[in-house]
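What follows is a single structure, written as structure tokens, with notes after it.
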Amino acid sequence: MTTLPEYLKNCGVDEDLSAIISLIGAQAAPIRDAFISNQNYADSTNSSGETQAEMDKWSDEHITNVLAESGLVREVASEEREEIVKLSESAKYSVVMDPLDGSSLIKVNLCVGTIVGIYEGSCMQAGKDLKAAFYVLYGPMTTLTVSVGKGVAIFAQDKDGVYQMLKNNVKIPEGNLYGSGGVRTEWLGKHAKFVNRIENEGAKNRYSGSFVADFHQILQYGGVYAYPPSEKQPNGKLRLVFEVNPIGYLAVQAGGAVSNGTKTTLDIVPEDVHQRTIVYVGSHGMIAKIEATE
């Protein structure tokens with residue numbers, strides 16, 4: 001079986017970029033080990049005013065420290081930090097990350113993950129300019145789903161900590177799963193019409209509250225993940241830089257699409273590191289339907 005380093009080498013990825021991907025991937029074991037002793041909420045909030053789980057803080061500090069020690073990363077933008085962290089000025093690449101997406105689910109032993117995007121140069125670029133995007137999923141298996149601009153591949157970590165390829169050239173099928181965030185009674189007209197339409201066409205609701213886990217279902221089975229606007233949150237909830245750009249990049253590389261309901265989010269140059277956006281991501285046909293809904 002092909003290992004993650006072998007795959008990256010075969011894709012022509014340069015040594016520093018390959019090393020960053022492998023280094024972050026290697027943190028899966030210590031992160032999983034920390035779940036047991038970090039089950040509660042911390043006495044703090046993140047930059048968006050949301051209460052942090054202990055694992056949010058732990059994983060953020062752990063990954064940031066590992067990257068700082070490596071000397072491979074120029075700067076890090078994390079959902080858990082208000083400001084971009086400057087590391088090595090001479091380094092070529094910068095990292096954006098949600099260190100632990102879905103952390104509130106750890107206490108009930110549901111699937112969570114780490115989302116990462118890597119840029120050449122600054123963090124504050126459009127998603128289409130990503131050099132790599134991947135996520136580590138902590139489920140029954142520890143998996144790493146990655147794209148370096150040459151399609152999408154999925155790897156599973158074996159007992160020795162080596163990522164072995166499960167599937168290459170992953171393509172999102174035109175499936176009928178959907179997951180939508182927000183409160184149904186607060187959905188606005190366009191989103192409500194869209195969900196009503198796809199439900200009438202046979203769409204099935206699958207939503208866990210972990211963006212990365214819900215997207216992984218869509219990647220495998222097809223459909224759409226959405227976090228729509230509401231009167232309370234007209235720009236949606238998810239962050240463009242840390243969550244939507246890496247996942248959207250992976251979706252497009254797998255033959256799918258990502259949109260804010262009108263156009264692709266990958267063309268948006270962020271004005272603020274914690275900028276939020278409406279998101280629909282998944283099968284190409286599903287995204288076409290939401291963009292055609294009035």
Side-chain angles (χ1 to χ4, degrees), residues 1-29 63 66-67 70-77 88 90-98 113-123 125-138 141-158 160-173 212 215-216 218-220 222 241-258 264-267 281-284:
M1 295 178 71
T2 303
T3 66
L4 177 60
E6 290 170 344
Y7 171 78
L8 296 174
K9 183 177 181 180
N10 291 340
C11 288
V13 176
D14 74 44
E15 290 185 4
D16 284 359
L17 181 55
S18 179
I20 294 167
I21 295 169
S22 294
L23 181 61
I24 298 175
Q27 305 319 306
I63 296 173
V66 166
L67 294 179
S70 75
L72 294 169
V73 176
R74 177 176 172 178
E75 56 188 36
V76 175
S88 175
S90 62
K92 184 177 181 180
Y93 296 104
S94 293
V95 170
V96 300
M97 65 176 181
D98 182 347
T114 298
I115 304 173
V116 179
I118 303 175
Y119 290 97
E120 184 174 339
S122 168
C123 292
Q125 300 183 53
K128 65 183 180 182
D129 296 324
L130 281 160
K131 296 303 179 184
F134 66 96
Y135 57 83
V136 179
L137 205 60
Y138 312 104
M141 297 182 290
T142 298
T143 61
L144 188 151
T145 300
V146 63
S147 177
V148 290
K150 297 184 178 180
V152 174
I154 302 174
F155 296 81
Q157 194 174 47
D158 65 19
D160 297 317
V162 177
Y163 284 101
Q164 304 279 0
M165 183 180 286
L166 288 179
K167 191 175 182 181
N168 196 9
N169 299 316
V170 179
K171 297 297 180 184
I172 302 178
V212 64
F215 173 73
H216 196 67
I218 301 302
L219 180 68
Q220 300 271 35
V241 173
F242 319 115
E243 297 167 307
V244 174
N245 276 345
I247 296 297
Y249 182 86
L250 284 158
V252 170
Q253 285 289 320
V258 62
T264 180
T265 54
L266 293 179
D267 289 339
V281 61
S283 303
H284 204 277

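Quick note: numbers below take in every heavy atom, side chains included, and nothing from hydrogens, waters or symmetry partners. Nothing here was measured: the structure is a model prediction, and the numbers come from that model.
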I need the minimum non-hydrogen distance between [X] and [Y], along with the two atoms involved.
X: A153; Y: M165; answer: CB-CE, 4.3 Å
X: A251; Y: A257; answer: CB-O, 4.1 Å
X: K150; Y: C11; answer: NZ-O, 2.5 Å
X: Y7; Y: V146; answer: CE2-CG1, 4.1 Å
X: G25; Y: L144; answer: CA-CD1, 3.8 Å
X: Y249; Y: A133; answer: CD2-CB, 3.7 Å

Next on the checklist: Under the criterion side chain to side chain contact (heavy atoms under 4.5 Å, CB included), I'd like the reasoning laid out for F134 against I118: C-alpha separation, chi angles, the key distance, then a yes or no.
Outcome noted: CA-CA 9 Å; F134 66 96; I118 303 175; 4.1 Å; yes

Is there side-chain contact between [X] and [Y], with heavy atoms separated by less than 4.5 Å?
X: V96; Y: N245; value: no
X: V148; Y: L8; value: yes
X: Y135; Y: P246; value: no
X: V116; Y: I20; value: no
X: D267; Y: K128; value: yes
X: L67; Y: V95; value: yes
X: L4; Y: I21; value: yes
X: V162; Y: Q157; value: no

Item to check | Set of side-chain contact (heavy atoms from CB on, under 4.5 Å) partners for V252, sequence neighbours left out | outcome: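 Only V258, L266 meet the side-chain contact (heavy atoms from CB on, under 4.5 Å) criterion with V252.
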
Item to check | Chi angles and distances behind the side chain to side chain contact (heavy atoms under 4.5 Å, CB included) call for T2, Q164 | outcome: CA-CA 6 Å; T2 303; Q164 304 279 0; over 6 Å; no

Next on the checklist: With no hydrogens and no angle check, just 3.5 Å: does a side-chain donor-acceptor pair link T142 and Y163?
Outcome noted: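 T142 vs Y163: no donor-acceptor pair found between side chains.
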
Taking atom [atom1] of [X] and atom [atom2] of [Y], what is their separation to the nearest 0.5 Å?
X: I115; Y: E243; atom1: CD1; atom2: CD; result: 5.5 Å
X: Q220; Y: K171; atom1: CD; atom2: NZ; result: 14.0 Å
X: L72; Y: S94; atom1: CG; atom2: OG; result: 12.0 Å
X: T145; Y: H216; atom1: OG1; atom2: NE2; result: 4.5 Å
X: T114; Y: M97; atom1: OG1; atom2: CE; result: 8.5 Å
X: F155; Y: E6; atom1: CZ; atom2: CD; result: 9.0 Å

Next on the checklist: If you count heavy atoms of other groups shown closer than 6.0 angstrom to CE of M141, is the number above 12?
Outcome noted: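 Check fails, neighbour count at 12 or below.
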
Item to check | Non-neighbouring partners of N169 that pass side-chain hydrogen bond (donor to acceptor under 3.5 Å, both in side chains), sequence neighbours left out | outcome: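 By the side-chain hydrogen bond (donor to acceptor under 3.5 Å, both in side chains) rule, N169 matches no residue at all.
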
Checklist entry - Sub-3.5 Å donor-acceptor pair from the side chain of E120 to the main-chain atoms of K131, do we have one? => result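 Absent.
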
Checklist entry - Given the rule in the side chain to side chain contact (heavy atoms under 4.5 Å, CB included) test, do I154 and L219 qualify, once you have shown the distances and angles that lead to the verdict? => result CA-CA 11 Å; I154 302 174; L219 180 68; 4.3 Å; yes

